[in-house]
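One-based numbering along the sequence shown. Predicted, not measured: the structure shown is a model, and the values here were computed from it. Note: hydrogens, waters and symmetry copies are ignored here, and every other heavy atom, side chains too, is used.
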Amino acid sequence: SEMCIRDRYMVAPGGEKLQGFEAVNGVISSNMNDIQVQFSQVSAPEPTTTVDISMNFDSSSPVIVPAFDSADSATYNSRTSMSIFDSLGATHIMNTYFAKTADNSWDVHAEVDGTVIGSGTATFTDAGVFSAQAGLSALTFNPGGGAAPNQPIDITLGTATQYGDDTIVHRLNADGFSAGTPGNVNIDQDGVISVIYSNGVVRPVSQVAVAKFDNPQGLYANGKSSWG
């Protein structure tokens with residue numbers, strides 16, 4: 001037999017309620033109570049504020065002369081696409097376009113749901129190492145649908161390179177996430193019980209209380225993991 005959840009309470013194989021130190025705002029406290037696992041709580045969404053793009057820019061790419069137009073692939077060399085989230089957890093598509101303007105210099109254009117939200121630049125050294133970026137902080141977009149307007153987003157390219165190799169995206173990271181529903185329950189090696197939500201959030205609930213005995217050999221088994 002193993003521990004299980006019965007009527008929202010964590011119980012031992014014999015049906016006894018387990019006690020633990022409850023988590024307050026995700027931090028284990030000194031308050032001891034019967035351990036409850038609530039599956040009715042929803043994990044609130046978090047809006048995206050930062051997008052990190054790690055990629056290699058092909059140094060042999062041709063310089064782009066025409067003015068940028070996301071509908072015309074001749075006005076940029078490459079692009080990335082990823083999902084971001086607004087304050088209500090709704091998903092939006094962010095496309096970022098890169099156009100070479102001179103040796104070691106690139107224009108960067110950001111677009112959310114088909115609307116350009118800003119443009120900036122990225123430069124590299126003659127060794128292909130990222131040098132600087134400009135104009136890519138505090139870009140804003142209006143999600144609509146009741147979400148907070150003028151949502152700020154920073155684009156960071158600090159790990160990008162510009163070598164004489166194919167353009168390749170190594171990693172696209174964006175913070176933020178949608179609302180989440182409770183899924184699994186996890187108990188780690190320290191006895192911390194956490195609820196894992198569908199959006200990846202892990203929320204600690206309690207830490208199992210453990211008693212130490214000076215003479216454990218003096219205990220006797222009552223069965224079902226119970227000792228007296």
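With hydrogens and angles left out, the side-chain atoms of Asn95 and Ser81 include a donor and acceptor closer than 3.5 Å. Side-chain polar atoms of Glu22 and Asn33 form a donor-acceptor pair below 3.5 angstrom. Side-chain contact, Gln162 with Asn104: a donor N or O sits under 3.5 Å from an acceptor N or O. Checked by atom type, the side-chain pair His92/Asp86 shows a donor-acceptor distance below 3.5 Å. With no hydrogens or angles considered, a side-chain donor-acceptor pair links Asp52 and Thr156 at under 3.5 Å. Using modelled atom types, one finds no donor on one side chain facing an acceptor on the other under 3.5 Å when comparing Asn186 with Ser194. The closest side-chain donor-acceptor pair between Thr75 and Asp69, if any, does not fall under 3.5 angstrom.
A heavy-atom distance below 4.5 Å is found between the side chains of Phe39 and Val185. Using a 4.5 Å cut-off on side-chain heavy atoms (C-beta onward), Val202 and Tyr197 make no contact. With a 4.5 Å cut-off on side-chain heavy atoms, Gln38 and Arg8 count as touching. Taking 4.5 Å as the limit, every side-chain heavy atom of Asn56 sits out of range of all side-chain heavy atoms of Asp166.
The hydrophobic cluster around Val42 extends to none of the other residues, as no ILVMFWY side-chain heavy atom falls under 4.5 Å of it.
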Mind listing the side-chain donor-acceptor pairs of residues 57-64 below 3.5 Å, one per line with the distance, residues two or more places apart or on another chain?
from: Asp58; atom 1: OD1; to: Ser60; atom 2: N; distance (Å): 3.0
from: Asp58; atom 1: OD1; to: Ser60; atom 2: OG; distance (Å): 2.7
from: Asp58; atom 1: OD2; to: Ser60; atom 2: OG; distance (Å): 3.2
from: Ser59; atom 1: OG; to: Tyr163; atom 2: O; distance (Å): 3.4
from: Ser59; atom 1: OG; to: Gly164; atom 2: N; distance (Å): 3.3
from: Ser61; atom 1: OG; to: Asp58; atom 2: O; distance (Å): 2.8

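Among residues two or more places apart in sequence or in another chain, the side chain to side chain contact (heavy atoms under 4.5 Å, CB included) test is passed with Val108 by Thr96, Phe98, Ala122, Leu136, Leu157.
Ser78 approaches Met55 most closely through the heavy-atom pair OG-CE, 4.2 Å. Shown here for Met32 and Ala209, the closest heavy-atom pair between the two residues is CE-CB, 3.6 Å. Listed here is the closest heavy atom pair of Gln151 and Pro47: NE2-CB, 3.8 Å. Minimum heavy-atom separation, Ala110 to Met94: CB-CE, 3.9 Å. When all heavy atoms of Asn199 and Ser43 are compared, the closest pair comes out as ND2-OG, 3.3 Å. Across all non-hydrogen atoms, the minimal contact from Ala160 to Phe130 is O-CB, 3.4 Å.
Tyr9 OH to Gln19 CD: the interatomic distance, rounded to the nearest 0.5 Å, is 11.0 Å. Distance check: His109 NE2 to Thr121 OG1 gives 10.5 Å after rounding to the nearest 0.5 Å.
In this structure, the ring of Phe85 has its center no less than 6.0 angstrom from the ring center of Phe177.
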